[in-house]
Amino acid sequence: MNAIAQTLTPIVSDSNLYQGDNLPPLWQERLKRAYGVDTITSTLVCPTTIQQLCQVMESANTHNWQVLPCGNGSKLAWAGVGKPVDVVISTQNLNQVIDHPVGDLTVTAQAGVKLADLQPILLKTNQFLPLEPAYPESATLGGIISTADSGSWRQRYGGVRDMLLGVSFVRSDGQLAKAGGRVVKNVAGYDLMKLLTGAYGTLGILTEVTFRLYPVQEASGTVVLTGDADAIASTTQTLLASALTPTAAELLSSGLVKQLDIGQRMGLMVRFQSVTKSVQEQSSRLLEVGQQLGLQGTLYQDSDEVTLWQSLPEQIWGMPQSTSITCKIGIVPTAAVMTLTVLDTLTSGTGLGFIHAGSGLGKVRFDPETVKPETILKIRENCQSHSGFLTVLEAPISVKQQLDVWGYSGNALDIMRQIKQKFDPKTLLSPNRFVGDI
C-alpha cells in the first residue's frame with residue numbers, strides 16, 4: 001500500500017480505493033486511453049458521502065496531490081491528454097436522487113447519478129430531462145455538466161447551462177461551495193454554474209446538481225429530408241424562419257445519411273413533439289416544403305422514430321474504447337450546410353457529421369485509417385473562417401500528439417487562467433487537460 005492509499009483508506013475504506021493491479025479492468029483501460037501510458041500508477045478513490053469527498057480533496061490539497069475528477073470515467077479520453085495524476089476521484093458512488101418536487105418541475109440529485117437511471121424515475125411523473133449525452137448508459141449528471149454534453153433536444157430546450165438551476169461542489173481546498181438554488185426563479189449570487197459547465201473538472205468537483213424538467217409531450221414524429229445541399233439549406237432557412245416549433249433539427253452529412261440508410265446525399269432530420277394534431281400538421285407542412293424543392297421526404301413515427309434517434313448518436317460515438325476520431329464543432333448556423341459539404345469533400349464521404357440547425361454546434365467522426373490530421377486541420381480552418389471552432393474530443397494518443405486538441409484562437413486565455421488561479425491556485429484539478437494547457 002503506497003502513501004496515498006495509507007492516507008485515504010481511513011477516510012473511504014479499502015472497498016472504495018483501488019491502486020495498481022487492483023484497478024478494475026475498465027478503469028485501467030479508460031485511464032490508459034486518457035493518458036497514453038501502459039501502466040497506471042494513479043490511486044482510484046470512490047467516496048460514498050460528500051463528507052468523504054471533502055476529506056479526500058482536503059488531503060490532496062495538504063499533500064499537493066494532483067487530482068482527476070470524474071463520474072463513471074466514460075469520457076476520460078476527451079480533450080487534452082494531460083499528465084498522469086496522483087489520485088482519480090470518481091463520484092460514481094454519490095448516486096442518490098435527493099429531491100423531485102413534481103409540481104415545480106425540478107430535480108436535485110447527486111453528481112454520480114446516471115442519466116439512464118434518472119429518466120425512468122422522472123417518466124413515472126410524465127416528466128423528463130431533455131439531455132442526450134454520449135454513452136447514455138454510463139453518463140453521470142456530473143460528467144454531463146463538466147463536458148457540457150447535451151444533444152439534439154437543444155433546438156427546443158437549450159444546452160446544459162440552460163437547464164441547470166443549482167450546483168454544490170468541492171473546491172480544490174476540500175471546502176464545500178454552492179451556486180444557484182433549487183427553484184427556477186433564482187437570482188442570488190454569481191452564476192458560477194456557467195463556469196463549471198464545460199470546465200472538465202478544472203474548477204471543482206460537483207457533488208449535487210439541480211435541473212429544470214419538462215413535461216413529456218403527447219405525440220412525436222420526425223421528418224427526414226434528403227437530397228441536394230442547396231435545397232437542404234433553403235428548407236432549413238424556411239424552417240427556422242417559420243412558426244414551426246421543432247424540438248430537434250439536425251443537418252446530416254451525406255456520409256451519415258448513407259450510414260443511417262435514410263436516403264441519398266445531404267439530410268435534414270426534424271422532430272416535432274406536441275399534441276397529436278399539431279405534430280401531424282407541422283410534419284405535413286415541412287414535407288410539403290421539401291417536396292417543392294425536390295427533396296425526398298419520409299415521416300418516422302413510433303418505434304421507427306425511436307430507433308432513428310438512437311442510431312444518430314451511436315454512429316458518432318460508437319463505444320468509449322473505439323479508435324475513431326470524434327470532434328465537436330461550431331459555426332454560425334448559416335454556414336452549417338457548407339461546412340458539411342466541405343466535410344464530405346475532404347473525406348470523400350467517409351466523415352460522419354451532424355450540426356444542430358439552430359445553434360450551429362455539432363459532432364463529426366473520422367476514421368484515422370482514412371482521414372489524416374492534416375484533413376482535420378483543414379476542416380478546423382473552415383470552421384474558424386465562419387466564427388467557429390473544432391475541438392478534438394476522442395482520438396488515438398498518436399493523433400492528439402500531432403494536433404492542438406482545442407485549437408482555441410480567441411482572446412480569453414488570460415481570463416481563463418485567472419479564473420483557474422482563483423479556484424485552484426495549486427493547479428491540482430485536471431491539470432493540463434483544458435484550453436491553453438490549463
Kindly list each side-chain donor-acceptor pair under 3.5 angstrom involving residues 41-48, sequence neighbours excluded, with atom names and distances?
from  : atom 1 : to    : atom 2 : distance (Å)
Ser42 : OG     : Val85 : O      : 2.6
Thr48 : OG1    : Gln52 : OE1    : 3.1
Thr48 : OG1    : Gln52 : NE2    : 3.4

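For Ser387, there are no side chain to side chain donor-acceptor pair (under 3.5 Å) partners two or more places apart in sequence or in a different chain. For Lys420, the salt bridge (Lys or Arg N to Asp or Glu O under 4.0 Å) partners at least two apart in sequence or on another chain are Asp424. Every residue two or more places apart in sequence or in another chain that forms a side chain to side chain contact (heavy atoms under 4.5 Å, CB included) with Ala249 is listed here: Gln155, Leu239, Val270, Ala357. For Lys75, the side chain to side chain donor-acceptor pair (under 3.5 Å) criterion is met by Asp149, not counting sequence neighbours. For Pro130, the side chain to side chain contact (heavy atoms under 4.5 Å, CB included) test picks out Phe128, Trp153, Tyr157, Met163, Tyr214, with sequence neighbours left out. Evaluation of the side chain to side chain contact (heavy atoms under 4.5 Å, CB included) rule for Lys378 yields Leu346 as partners, not counting sequence neighbours. For the side chain to side chain contact (heavy atoms under 4.5 Å, CB included) test, residues two or more places apart in sequence or in another chain that qualify with Val81 are Ile397, Lys400.
Applying the side-chain hydrogen bond (donor to acceptor under 3.5 Å, both in side chains) test to residues at least two apart or on different chains, the pairs with a partner in residues 163-174 are Arg171-Asp173. The list of side-chain hydrogen bond (donor to acceptor under 3.5 Å, both in side chains) pairs with a residue in residues 193-206, not counting sequence neighbours, reads Asp191-Lys194. Within the structure, the side-chain hydrogen bond (donor to acceptor under 3.5 Å, both in side chains) test picks out the following pairs touching residues 340-354 (sequence neighbours left out): Ser254-Asp344. Within the structure, side-chain hydrogen bond (donor to acceptor under 3.5 Å, both in side chains) contacts touching residues 112-130 (residues at least two apart or in different chains) are His100-Gln127.
Summarising the geometry of Pro69 relative to Leu429, their closest heavy-atom pair is CG-CD2, 4.0 Å, with the distance given to 0.1 Å.
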